[in-house]
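Shown next, in structure tokens, is the structure this report addresses.
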Amino acid sequence: MSTETWVDALSADDLPTDDVTGVIVAGRDIAIYTVGSQVYATDNLCTHGHARLCDGFLDGHEIECPLHQGKFDVRSGQPACDPVTEPLRSYPVKIDGQRVYVRLAALSP
Ligand code: FES
């Protein structure tokens with residue numbers, strides 16, 4: 001049995017344009033990014049400290065944390081510059097009709 005599930009996250013009408021927004025999906029704080037026609041999703045909390053990336057600045061495929069200006073690649077969640085060293089969890093995204101879905105994996109206990 002699969003441990004991953006597509007979960008309805010938001011309306012396609014609520015997607016930002018070349019920007020980031022934060023949504024709660026199945027109790028998890030998720031950042032949704034659009035870069036051109038592509039949509040990406042990662043955890044919304046920075047791995048360096050207590051900051052929400054949806055309050056940061058999206059520049060191309062990089063999200064800059066609002067607290068210490070660390071950066072992550074939104075395509076993979078990988079750190080792009082100091083002081084962040086731990087990757088963000090990233091999630092597949094699909095659009096079906098007017099809804100945007102994020103595929104969530106079961107979290108480790
Ligand atoms: Fe995000 Fe420090 S809290 S870089």
Side-chain angles (χ1 to χ4, degrees):
M1 188 165 80
S2 172
T3 59
E4 297 184 329
T5 307
W6 288 102
V7 181
D8 189 341
L10 74 165
S11 168
D13 291 338
D14 293 331
L15 282 172
T17 302
D18 289 315
D19 205 349
V20 56
T21 191
V23 292
I24 302 297
V25 184
R28 292 190 223 175
D29 196 357
I30 303 289
I32 305 281
Y33 314 88
T34 61
V35 181
S37 62
Q38 299 299 307
V39 183
Y40 305 96
T42 70
D43 279 339
N44 199 10
L45 286 182
C46 182
T47 58
H48 180 251
H50 196 75
R52 296 181 83 213
L53 296 170
C54 65
D55 297 326
F57 174 69
L58 184 65
D59 181 15
H61 289 102
E62 290 184 349
I63 182 69
E64 182 181 86
C65 178
L67 196 52
H68 305 117
Q69 289 72 54
K71 294 180 181 179
F72 299 91
D73 188 318
V74 302
R75 295 170 290 190
S76 63
Q78 290 299 310
C81 80
D82 290 339
V84 295
T85 57
E86 295 294 322
L88 295 167
R89 188 186 301 260
S90 62
Y91 305 94
V93 178
K94 71 176 181 181
I95 299 175
D96 186 359
Q98 282 300 303
R99 303 302 303 178
V100 179
Y101 295 85
V102 176
R103 194 172 75 194
L104 298 179
L107 292 177
S108 302

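Counting starts at 1 for both ligands and their atoms, following the listed order. Along the sequence shown, the residues carry numbers beginning at 1.
In this structure, CD1 on I24 lies 12.0 Å from CG on L10, to the nearest 0.5 angstrom. Summarising the geometry, atom SG belonging to C81 is positioned 7.5 Å from atom CD belonging to E64; distances are rounded to the nearest 0.5 Å. Annotation: the span from L53 atom CG to F72 atom CZ amounts to 6.0 Å, rounded to 0.5 Å.
Applying the salt bridge (Lys or Arg N to Asp or Glu O under 4.0 Å) test to D8 and every residue at least two apart in sequence or in another chain returns R99.
At most 12 non-hydrogen atoms from other residues, nucleotides or ligands lie less than 6.0 angstrom from CD of E86.
Each protein N, O or S atom less than 2.8 Å from atom 2 (Fe) of ligand 1 was counted, giving 2.
Taking hydrophobic clusters as Ile, Leu, Val, Met, Phe, Trp and Tyr residues chained together by side-chain heavy-atom distances below 4.5 Å, V7 shares a cluster with V100.
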